[in-house]
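A quick note: this is a predicted structure, and the numbers were derived from the prediction, not measured. Numbers for residues simply follow the sequence, beginning at 1. Excluded from the calculations below are hydrogen atoms, water molecules and symmetry mates; all remaining heavy atoms, backbone and side chain alike, are included.
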Amino acid sequence: MRTTKKERAYAMEHFNEVHHTTLNPEGPGVVRIHLVPPVLVDGELGDSVAIINGQDVIPVSRSWSILLTEFIEEVNKHAGREISDEEAAQVVATTCEKVKKIYPLVSKKRLQKDIQTIMETFKHIAYGEPVEEPIAYLSMGDYAPYMRAPHRMDLMVSAMTVDGKWHCNQNCVHCYAAGQNQSSEKELSTKEWKAIIDKCREVGIPQVTFTGGEPTMREDLFELIDHAKWFITRLNTNGIKLTKEYCEKLKKASLDSAQITFYSCDEEIHNQLVGAPKYQDTVAGIENALAAGINLSINTPLCTLNRDYKKTLEFLHDKGVLYVTCSGLITTGNAAKEASENLQLTLPEIREILKEAVTFCFSHGMEISFTSPGWVDDKFCKELGITTPNCGACLSNMAITPGGNVVPCQSWLNDAPLGNFLKDDWDKIWNSDVCKTRRAYSAMLRSECPLRIVRGKAGDRS
């Protein structure tokens with residue numbers, strides 16, 4: 001159906017920002033909804049997308065987008081406290097009254113039923129339960145023409161070097177950021193990072209990841225996370241600083257999830273790969289994060305030294321870890337140097353490790369993802385029952401460097417930046433020729449990493 005005048009007028013007034021609400025914020029069973037509005041293409045409104053808990057991307061028709069927008073606005077009037085049954089009924093009634101101004105021929109009973117259907121469907125998706133409604137999960141490639149910004153921005157709040165000195169509590173053999181141009185910039189101030197966070201919301205980015213370098217090196221990290229409460233927030237860390245007190249502060253700041261990099265359950269191997277005797281600190285960080293109830297995942301970059309990944313999975317399972325990711329090596333930074341390249345696995349080796357890892361995880365109630373494009377193909381992933389990793393640069397994700405520059409992803413640090421997030425107009429960055437070229441590549445759901453194709457050698461190994 002063609003976009004009506006009332007729909008177009010509503011879009012002009014209400015579809016200029018991402019709408020967000022959190023259901024059951026104190027958990028368990030929290031449901032975070034970010035409704036990303038459509039843009040006009042040839043005078044017609046496309047579908048919106050609802051991002052559920054920062055993971056599932058669901059297309060929402062324009063009529064349901066209007067319904068959901070009004071519902072979210074009414075729910076948010078009661079933010080910060082529990083809504084009574086009487087108030088919930090009033091939220092629904094007010095929503096229906098407003099939506100009937102756009103669709104006067106639709107009955108309130110139908111609108112009420114639609115609200116109930118939307119909420120129940122979103123809850124089922126968030127909880128990983130079977131969904132009764134026929135919904136079509138949307139690929140990022142299909143949605144690309146309607147996007148105004150990526151769905152995730154990685155905030156590299158900590159630089160690898162500060163005042164010419166190494167600024168990380170580890171010195172990883174495979175560090176992608178070490179020695180790269182954008183990773184040694186002068187770090188922005190607290191005020192500047194807060195301005196960046198505010199602008200991320202303004203341009204329609206619903207999820208931010210605090211990363212680095214090592215983000216816990218910043219004393220203001222809790223303040224920055226707290227400032228980003230509107231977003232789905234994640235922390236990428238080596239876990240060294242995650243004491244019990246530190247984890248409680250992360251919870252208080254409303255962090256949604258954390259990812260800790262853990263190379264091996266073998267202390268000697270882990271310490272060798274991180275370049276520091278920090279194994280015990282990282283293990284303690286994992287234990288403290290779990291005890292604090294932080295939604296935790298563990299990432300393991302795979303190489304020849306930690307190829308016995310199953311043993312590490314057994315160790316993590318005994319600790320109570322449920323979510324794990326693993327990856328091949330990104331051949332940038334230190335990982336492009338001989339010391340790292342000599343430790344890279346071949347493609348057949350990666351596949352054998354993955355087969356064993358997936359079998360173990362599926363039989364022990366753990367979820368596993370492989371995150372490196374180019375190492376495994378779609379057929380292999382379907383056989384294992386895991387998602388095929390694709391490049392998301394300038395599409396699903398981008399990054400902002402320690403000095404505020406925008407790059408295609410947090411590993412893409414040696415080329416000229418796409419612009420400065422604080423100084424340059426976002427639309428000019430997003431629609432620049434370089435950004436559009438990268439986005440077009442990602443939109444084809446390419447399962448190769450451009451950095452490995454251009455600079456890497458691992459993809460040539462057989």
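By the ring pair (Phe, Tyr, Trp, His ring centres under 6.0 Å) test, F15 pairs with Y10, sequence neighbours left out. Remark: W230 engages H20, H34 in a ring pair (Phe, Tyr, Trp, His ring centres under 6.0 Å) (not counting sequence neighbours). Listed by chain and residue number, H317, F360 satisfy the ring pair (Phe, Tyr, Trp, His ring centres under 6.0 Å) test with H364 (two or more places apart in sequence, or in another chain). In this structure, the side chain to side chain contact (heavy atoms under 4.5 Å, CB included) partners of D425, at least two apart in sequence or on a different chain, are D427, K428. Residues forming a ring pair (Phe, Tyr, Trp, His ring centres under 6.0 Å) with F380 (at least two apart in sequence, or on another chain): none. When the side chain to side chain contact (heavy atoms under 4.5 Å, CB included) test is applied to D266, the partners found at least two apart in sequence or on another chain are S264, E268, I269. Residues forming a side chain to side chain contact (heavy atoms under 4.5 Å, CB included) with H124 (at least two apart in sequence, or on another chain): E129, V131. For A228, the side chain to side chain contact (heavy atoms under 4.5 Å, CB included) partners two or more places apart in sequence, or in a different chain, are I197, V208, F210, F231, T233.
With no hydrogens or angles considered, a side-chain donor-acceptor pair links Y176 and Q410 at under 3.5 Å.
Residue pairs meeting the salt bridge (charged side-chain N to carboxylate O under 4.0 Å, His left out) criterion with at least one partner in residues 190-211, sequence neighbours excluded, are K194-E223. The salt bridge (charged side-chain N to carboxylate O under 4.0 Å, His left out) pairs that include a residue from residues 299-311 are R307-E349, D308-K311, where partners are two or more places apart or lie in different chains. Applying the salt bridge (charged side-chain N to carboxylate O under 4.0 Å, His left out) rule to pairs touching residues 149-164 yields R152-D154, sequence neighbours excluded.
Using a 4.5 Å heavy-atom cutoff, the side chains of L188 and I196 are in contact.
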Residues 283-298, side-chain donor-acceptor partners within the protein, below 3.5 Å, at least two apart:
{"from": "E287", "atom 1": "OE2", "to": "K319", "atom 2": "NZ", "distance (Å)": "2.4"}
{"from": "N288", "atom 1": "ND2", "to": "L242", "atom 2": "O", "distance (Å)": "2.8"}
{"from": "N288", "atom 1": "ND2", "to": "A284", "atom 2": "O", "distance (Å)": "3.1"}

